[in-house]
*Asks:* 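Please read through the structure below; I'll follow up with questions.
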Amino acid sequence: MDSWQGDISSASSNATDLTIGFISSGVAVILFGTNFVPVKKFDTGDGMFFQWILCAAIWIVSLIVNLIQNSPRFWPLAMVGGFLWATGNITVVPIVKTIGLGLGLLIWASFNLLTGWASSRFGWFGIDPEKVVKPVLNYIGAGLSVLSTILFLFIKSDVQSSPQPSESTPLLREHVSLVLLLLGCSLAVIAGILYGSSFVPVLYIKDHGRKNGTAYTGASQYDLDYVFAHFSGIFLTSTIYFLIYCGIMKNNPKVYPEAIIPGFVSGVLWAIADCCWFLANHYLSAVISFPIITAGPGLIAALWGVLVFKEIKGLKNYLLLLVAFCVVLAGSLSTAFSKV
């Protein structure tokens, strides 16, 4: 009888974890696909000032989370994840200026997805490999998620084809040297790897926290306890980069006051989305959350372009969007079912 009741309790707990994990993933997808909407109509210049405002908002959200969590132990290693993310993010402007947003997003999103998924699945960078009940479905889900990022590249918008401010217009033209193309693609690959590695320090601490005789023995197994340290790394790194930028600009940085509040709102949305990602990692594992959360935002952003900003038009684009939606859905479901 006790064994039967224990099995029922375990099954119920597992179902609850899965529900929380998939809801967290869904919220993360929606907010990651939405977080740049508040700044869409505002000039962000070279992006350095905007990134600093964005990261300041991110840190404030983490401070609130830290207080709610009753200030769990601060592990400095978790800040390295924030450093990796902020360093990857600093490359976005030169990537867009050399190879354009479409190609740049395709490359860094694909490498972000593959790095995050593979490091968790195969145990790279000193973390324990994560097992799934149905590995073939997990591989299929990751592959379909990468395919979806490629499909989004072919969805054209009026904004991309019309004249743009300097920060969003690709410098790459048919007569520009191959060097710029290689530079932009290389930076996009590096950005994707840095993005995909940003959760590794937290996973490393958790994995070694379960082992005796390590510096992290007894560390919390609840991912949200590491948000403050991770986000502190983001804000500290972005502040250092902004100060370096101010020095290069001889203390005359390009500041855009109209972007402050929209940038702050964008940062809050991103921070909440990333907190949901931490929750998804906890309740589902990173090998499940990464394919879902890295592939889904592109679809949400495209829907904003269709339904609100009317940037995406034409039967061809609508059909491509429908196919991309089906691929994202199939990839997400394959990844989800590989867990159960």
*Asks:* Could you grab the distance from atom OG of Ser24 to atom CG of Leu224, nearest 0.5 Å is fine?
*Replies:* 9.0 Å

*Asks:* Counting C-beta onward and ignoring hydrogens, is there a side-chain heavy-atom pair between Trp75 and Tyr226 closer than 4.5 Å?
*Replies:* yes

*Asks:* Output all residues satisfying side chain to side chain contact (heavy atoms under 4.5 Å, CB included) with Asn112, sequence neighbours left out; order by chain, then residue number.
*Replies:* Tyr195, Phe290, Thr294

*Asks:* Would you please name every residue forming a side chain to side chain contact (heavy atoms under 4.5 Å, CB included) with Asp207, sequence neighbours left out?
*Replies:*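 Testing Asp207 for side chain to side chain contact (heavy atoms under 4.5 Å, CB included), a comparison that skips the adjacent residues, returns Ile127, Asp128, Arg210.
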
*Asks:* If the condition is salt bridge (Lys or Arg N to Asp or Glu O under 4.0 Å), which residues does Lys316 pass it with, not counting sequence neighbours?
*Replies:*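 By the salt bridge (Lys or Arg N to Asp or Glu O under 4.0 Å) rule, Lys316 matches no residue at all.
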
*Asks:* Identify the two heavy atoms, one from Pro38 and one from Asn35, that lie closest to each other, and give their separation to 0.1 Å.
*Replies:* CD-O, 3.3 Å

*Asks:* Going by atom type alone, with no hydrogens or angles, which donor-acceptor pairs under 3.5 Å involve a side-chain atom of residues 80-88 and a protein atom two or more places apart or on another chain?
*Replies:*
| residue | atom | partner | partner atom | Å |
| --- | --- | --- | --- | --- |
| Thr87 | OG1 | Phe83 | O | 2.7 |
| Thr87 | OG1 | Tyr241 | OH | 2.9 |

*Asks:* Taking the side chain as everything from C-beta on, heavy atoms only, tell me whether Leu279 gets closer than 4.5 Å to Tyr222.
*Replies:*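 Leu279 vs Tyr222: side chains touch.
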
*Asks:* More than 12 heavy atoms of other residues, nucleotides or ligands under 6.0 Å from CD1 of Ile261: is that the case?
*Replies:* no

*Asks:* Could you tabulate the donor-acceptor pairs under 3.5 Å formed by side-chain atoms of residues 47-64, not counting sequence neighbours?
*Replies:*
| residue | atom | partner | partner atom | Å |
| --- | --- | --- | --- | --- |
| Gln51 | OE1 | Asn89 | ND2 | 2.6 |
| Trp52 | NE1 | Thr239 | OG1 | 3.0 |
| Trp59 | NE1 | Ser232 | OG | 3.1 |
| Ser62 | OG | Trp59 | O | 2.6 |

*Asks:* Could you state the interatomic distance from CG (Asn138) to OG (Ser285), rounded to the nearest 0.5 Å?
*Replies:*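 It is 8.0 Å, given to the nearest 0.5 Å.
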
*Asks:* Using 30° and 60° as the class limits, which term best fits the ring planes of Phe231 and Trp270: parallel, tilted or perpendicular?
*Replies:* tilted

*Asks:* Which value, rounded to the nearest 0.5 Å, describes the distance between His230 atom NE2 and Phe235 atom CZ?
*Replies:* 15.0 Å

*Asks:* How close do Gly141 and Pro291 get, counting heavy atoms only, and between which atoms?
*Replies:*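 Closest approach of Gly141 to Pro291: O-CB, 4.4 Å.
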
*Asks:* Are any side-chain N or O atoms of Arg121 and backbone N or O atoms of Glu130, one a donor and one an acceptor, separated by less than 3.5 Å?
*Replies:*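 Judged by distance alone, yes, a pair lies under 3.5 Å.
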
*Asks:* For Thr214 and Thr217, does a side-chain donor sit closer than 3.5 Å to a side-chain acceptor?
*Replies:*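 Side chains of Thr214 and Thr217: pair found under 3.5 Å.
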
*Asks:* Which residues pass the side chain to side chain contact (heavy atoms under 4.5 Å, CB included) test with Pro72, not counting sequence neighbours?
*Replies:*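 With sequence neighbours excluded, Pro72 shows a side chain to side chain contact (heavy atoms under 4.5 Å, CB included) to Asn66, Gln69, Asp225, given in chain and number order.
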
